[in-house]
Amino acid sequence: MLSKAQLQDLSGAPVPPALHLIDGEARAASDGTAMDVISPLDGAVLTTMARGTPNDAKAAISAARRAFDDGRWAGLAPAARKKVLLKWADLIEANAVELAVLGVRNNGTEISMALKAEPMSAAGTIRYFAEAIDKVYGEIAPTAPGTLGLIHKEPVGVVGAIVPWNFPLMIGAWKLGPALAAGCSVVLKPAETASLTLLRIAELALEAGLPPGVLNVVTGEGAVVGAAIAESMDVDVLVFTGSGGTGRRLLEASARSNFKRVYLELGGKSPNVVFSDAPDLDEAAKVSAHGTFRNSGQVCVAGSRLLVERSIHDAFVEKLKVHAEAMKVGDPLDPETSAGAINSERQLAQNLRFVAEARAAGRQIVTGGERILQETGGFFMAPTIVAGVQPGDAVAQHEVFGPVLAVIPFDTEEEAVRIANDTEFGLAAAVWTADLSRAHRMVRAIRAGVVHVNTYGGADVTVPLGGVKQSGNGHDKSLHAFDKFFDLKTAWIKL
Ligand code: NAD
């Protein structure tokens, strides 16, 4: 358990200017420019970081290419890579509190969640893929007796990884774990508002024995650094988590350049469907509120569309309101806080616009709806429940990516399925019912990468996470995540 004193010590520590990590060295931007890192806790400048240029991206890609081609990492036995990665995971865990506090100061997630969901989750993910890599086999094809068909799994080469700000270490590790275990070299581009902890764990990777050049981190603007990685002729695979708009640009860049494979993990507007026969409606209300409002709703799988059977609608909304209002919003470095800051002022303004639009359309703001704690200088918003929402409303169709829950009533299972599937997204969903057959029918009927039953969130690294429809085209987590980082090569041999 974290003590307040321990947190206070770390939370005031000065943060040195952040530089890229290229070819095992800390490097300033090639033109010497840096950008301010604003803390969402108080709106003040936390530090600066290198504002990457296209040349910085090129230097990192060249370093990754050299590292891959000379076999300093890809050429090691899988068991040797495993050893380094396990040591890296240990170092991340040993530095977990420092990493969590730095991350919170950078991106605003409440510390109670950040500690588990960031360094500890990243360490667990890296360990999972490290442990798996010397248990992944090639195949022998079922050919006729006169031939031997061998299917080799070879690392794809240089991987570009572009990640968002909401859970930088967790999502970063979902890419880095399997890519590095497979033997690839990586150029990582963190989000503008959440780069510091990824830089730090990349330093720890060197300390663990990862050869220089195998993992490079270039900070700066997406439209500059991210775009240069996406356009590169020397990046073999691009893995991305972020918004649909950026995902579209990455696919276009791939088509314009070298047809690099592009795997996208995008947004969601996940339906959370509560039937009147849910085993425990109190539990359903509590988990639904927390599933939407933790990390101030900045969670890709957040159950931000709540579908409630009409017969229990009013009573259920009342329960939700109680849980939402009981959540402690504020200082993300206070271990008792249940929802921290909004990541940026821009994101906060966007959240408030969705609420204003719903209000103008006559929807009921059951609780919240406004910016709070403005006197701190930080970016905070009250958990917000909007009831009486129509399925076609903006607040029901667009990913707000903030603490805003849209509640829609339904009468029948068929109607629930229809509304649940009525968005462009298909990332996550949940169904609350004690009827086993109905639960399985709903799991089949809802188009989503994951459907929870009588719970929300918490699916661990053993299962894949990926979207359908416009939520994405690949999978993070589980052994399936390796598929992105291996090329299949056939050896066809006449005996
Ligand atoms: P974003 O698309 O704005 O940015 C993501 C990353 O892409 C950042 O590193 C950014 O610098 C970079 N980028 C921006 N423009 C770019 C460009 N033109 N070329 C190359 N790179 C560019 O997304 P965000 O606001 O950081 O993240 C929030 C989004 O991420 C939400 O939509 C959320 O649902 C999604 N998300 C999805 C998952 C998932 O697993 N499916 C998980 C977390 C977040």
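Throughout, numbering of the chain's residues begins at 1 and tracks the sequence. Every number for a ligand or one of its atoms is a count from 1 in the order of the listing. Small disclaimer: the values here were computed from a predicted structure and weren't measured.
Contacts classified as side-chain hydrogen bond (donor to acceptor under 3.5 Å, both in side chains) and involving residues 376-399 (residues at least two apart or in different chains) are given here: R363-D393. Within the structure, side-chain hydrogen bond (donor to acceptor under 3.5 Å, both in side chains) contacts touching residues 98-107 (residues at least two apart or in different chains) are N107-T109.
K286 meets the salt bridge (Lys or Arg N to Asp or Glu O under 4.0 Å) test with no other residue; sequence neighbours excluded.
Sorted by chain and number, the heavy-atom contacts of ligand 1 below 4.0 Å come from I162, V163, P164, W165, N166, I171, K189, P190, A191, E192, G222, A223, G226, A227, F240, T241, G242, S243, T246, R249, L250, E265, L266, G267, C300, E399, F401, L427, L465.
Taking the six-membered ring where the residue is Trp, the centroids of W174 and F167 are separated by 6.0 Å or more.
Screening V404, V299, L405 for a side-chain contact (heavy atoms from CB on, under 4.5 Å) involving F293 leaves a single residue, L405.
Side-chain atoms of T53 and N55 form no donor-acceptor pair, as typed in the model, at a separation below 3.5 Å.
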